[in-house]
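See below for the structure under consideration.
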Amino acid sequence: KLADGATAAVMANQTGVKENNLTPLARIVEYSDAAVNPVDWPVAPAKGIQELLGRAGLKVNDISKWEINEAFAVVVLANARILGIDVEDINIHGGAISIGHPFGMSGARITNHLISTLKPGEYGIASLCNGGGGAGSILIQKL
């Protein structure tokens, strides 16, 4: 199904925050751009998530909320199994299958939604396949 959508995000370093009198909602703790064999594209998020958790010194159980873009249901199911995440903890307000998959804004949509659902101090991860076996993942902490 096709879906229309739009989202916006403002990213700034400490200098930009101070100069523009901004109040940050969250901070980027770590990010990953990982790739697997193109035929294994549905599980690329798991590789990136494992890499960024390792660099951040965190474990799956340290993450409060998960957003994994689901262009196809197999993506969430496969990554949940690999990472040991309860599927009830992923996309808690619905994913791309239920609310739509607007082309070109999925990463911003799932990251903004994640930030809006986290409580201060909590960690969340947003991840999505980006075609050809690649995946982008981001670890954020709500401020």
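- The side chain to side chain contact (heavy atoms under 4.5 Å, CB included) check on Ile92 picks up Lys65, with sequence neighbours excluded.
- Grouped by direct or indirect side-chain proximity (heavy atoms under 4.5 Å, Ile/Leu/Val/Met/Phe/Trp/Tyr only), Val87 sits with Leu77.
- Take Asn91 and apply the side-chain hydrogen bond (donor to acceptor under 3.5 Å, both in side chains) test, not counting sequence neighbours, and it matches no residue.
- Residue pairs meeting the ring-ring contact (aromatic ring centres under 6.0 Å, His included) criterion with at least one member in residues 42-85, sequence neighbours excluded: Trp41-Phe72.
- Rounded to the nearest 0.5 angstrom, Ile63 CD1 and Leu139 CG are separated by 5.0 Å.
- Clustering ILVMFWY residues whenever any of their side-chain heavy atoms sit less than 4.5 angstrom apart, transitively, puts Leu53 in the very cluster that holds Ile85.
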What side-chain donor-acceptor pairs closer than 3.5 Å can you find for residues 28-39, not counting sequence neighbours?
residue: Glu30; atom: OE2; partner: Arg55; partner atom: NE; Å: 3.1
residue: Glu30; atom: OE2; partner: Arg55; partner atom: NH2; Å: 3.4
residue: Ser32; atom: OG; partner: Gly48; partner atom: O; Å: 3.4
residue: Ser32; atom: OG; partner: Glu51; partner atom: OE1; Å: 3.1
residue: Asn37; atom: OD1; partner: Val39; partner atom: N; Å: 3.2

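- Of the possible donor and acceptor atoms, one in the side chain of Asp62 sits under 3.5 Å from a partner among the backbone N and O of Lys59.
- Taken to the nearest 0.5 Å, the CG atom of Asn79 stands 5.0 Å off from the CD1 atom of Ile68.
- Pairing each heavy atom of Leu83 with each of Val60, the nearest pair is O-CG2, 3.6 Å.
- The two residues Ala44 and Gly133 come nearest to each other via the heavy atoms CB-O, 3.4 Å.
- Residues passing the side-chain hydrogen bond (donor to acceptor under 3.5 Å, both in side chains) test with Asn69, sequence neighbours excluded: His101.
- Residues Ala46 and Ile82 approach most closely at CB-CG2, 3.7 Å, considering heavy atoms.
- Side-chain atoms of Ser98 never come within 3.5 Å of backbone atoms of Gly94 as a donor-acceptor pair (strictly under, hydrogens ignored).
- For residues 67-83, no residue pair satisfies the salt bridge (Lys or Arg N to Asp or Glu O under 4.0 Å) rule, not counting sequence neighbours.
- The salt bridge (Lys or Arg N to Asp or Glu O under 4.0 Å) contacts involving residues 90-105 comprise nothing, where partners must be two or more places apart or lie in separate chains.
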Which donor-acceptor pairs under 3.5 Å do side chains of residues 114-129 form with protein atoms, sequence neighbours excluded?
residue: Ser116; atom: OG; partner: His113; partner atom: O; Å: 2.8
residue: Thr117; atom: OG1; partner: His113; partner atom: O; Å: 3.4
residue: Thr117; atom: OG1; partner: Leu114; partner atom: O; Å: 3.0
residue: Glu122; atom: OE1; partner: Lys119; partner atom: N; Å: 2.8
residue: Ser127; atom: OG; partner: Gly136; partner atom: O; Å: 3.2
residue: Ser127; atom: OG; partner: Ser137; partner atom: OG; Å: 2.7

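- To the nearest 0.5 Å, atoms CE (Met105) and OG1 (Thr7) are separated by 5.0 Å.
- Cluster membership for Leu25 and Val10, using ILVMFWY side-chain heavy atoms within less than 4.5 angstrom, is not shared.
- Qualifying side chain to side chain contact (heavy atoms under 4.5 Å, CB included) partners for Thr15, counting only residues two or more places apart in sequence or in other chains: Asn13, Glu19.
- Nearest heavy-atom pair across Asn112 and Ala8 is ND2-O, 3.0 Å.
- If you chain together hydrophobic residues whose side chains sit under 4.5 Å apart, Val43 and Ile49 never meet in one group.
- Identified under the salt bridge (Lys or Arg N to Asp or Glu O under 4.0 Å) test for residues 82-106, with sequence neighbours left out: none.
- Listed by chain and number, the residues in a side chain to side chain contact (heavy atoms under 4.5 Å, CB included) with Ala12 are Val17, Leu22 (sequence neighbours excluded).
- Annotation: side chain of Arg27 is in contact with side chain of Leu143 (closest heavy-atom distance under 4.5 Å).
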